[in-house]
Amino acid sequence: MSADLIYQPGILGDAEFLELEKKVAAQLAQKRLEATAAAAKRRDEDQARREAEVKFHTVTVTTRPEEAGTPDEYRVVDEVAFTCTAPDDAECRSYPECDCESWTWNDDRTGDEWGHPRVPGRQCWLAGWFDAEGAIYAGINGDEMRDDLIPARDFSGPIITTWCHEWVEWEFAAPDTRADTSHE
Ligand SMILES: [Zn+2]
Ligand SMILES: [Zn+2]
């Protein structure tokens, strides 16, 4: 018996009960189907948004040598500079002018869940994540701490970002081809 069906024995006949159980099971299956479709739609939207972003968001990583002139010389990341060239009405530059730490769009995406309206022409909301003193670059082409021991290098290119509810993760849109030979 389905956990979603609470049944007092004796109220319904066996046939009626089976019928009811079937109906509940069908409703549940439909609900699951809808939830799966909604999740897929959200994923597609998220992917489309990220692909659109790639056009506008670029990171330039500059490195500098440590222990220069010694046999141990290696490069470390000196600066991670972010630029956004998106127009005023781009998703990353139009968001509510409120102090909400994060927001969930209302159904027609004209404002956040608290009714704070979307305002275009703002600074790209990603910029602050790169300006922060504590910003850590742990992505592709990273530093000597990389698991695959590929050293840091100067690199510039479009990036893909992912909002992880509490922070932003980003990576270069182009894969680091050097990684292909790192485990030989
Ligand atoms: Zn708000
Ligand atoms: Zn932007």
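Numbering of ligands and ligand atoms starts at 1, following listing order.
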*Asks:* Using the Zn ion (ligand 2) as the vertex, how large is the angle between SG of C84 and SG of C124, rounded to 10 degrees?
*Replies:*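 Vertex the Zn ion (ligand 2), arms to SG of C84 and SG of C124: 110°.
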*Asks:* Assigning hydrophobic clusters by single linkage (Ile, Leu, Val, Met, Phe, Trp, Tyr; side-chain heavy-atom cutoff under 4.5 Å), is V59 placed with W129?
*Replies:*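 Yes, same cluster.
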*Asks:* Does the plane of the ring in H57 sit parallel, tilted or perpendicular to the ring in F82? Use 30° and 60° as the thresholds.
*Replies:*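 Because their plane-to-plane angle lies in the 30° to 60° range, the rings of H57 and F82 count as tilted.
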*Asks:* Anything protein N/O/S under 2.8 Å from the Zn ion (ligand 1)? Just list residue and atom, please.
*Replies:*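 Listed by chain and number, the atoms are C98 SG, C100 SG, D112 OD2, H116 ND1.
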*Asks:* Assess whether atom CH2 of W105 is packed by more than 12 heavy atoms of other residues, nucleotides or ligands within 6.0 Å.
*Replies:*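 Yes, enclosed.
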*Asks:* Between T70 and D72, do the side chains contain a donor N or O and an acceptor N or O under 3.5 Å apart?
*Replies:*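 Not at all, the side chains of D72 and T70 share no donor-acceptor pair under 3.5 Å.
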*Asks:* Going by an N to O cut-off under 4.0 Å, is there a salt bridge joining E34 and K41?
*Replies:*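 Here E34 does not pair with K41 in a salt bridge, since their nearest N and O are not under 4.0 Å apart.
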*Asks:* Please check: side-chain N/O of Q30 versus main-chain N/O of A26, any donor-acceptor pairing under 3.5 Å?
*Replies:*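 Checking the backbone N and O of A26 against the side chain of Q30, no donor-acceptor pair under 3.5 Å is found.
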*Asks:* Looking from the Zn ion (ligand 2), what is the angle between NE2 on H57 and SG on C92, to the nearest 10°?
*Replies:*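 That angle is 110°.
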*Asks:* Hey, are E66 and R64 close enough for a salt bridge, meaning a charged N less than 4.0 Å from a carboxylate O?
*Replies:*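 The answer is yes: the pair qualifies as a salt bridge.
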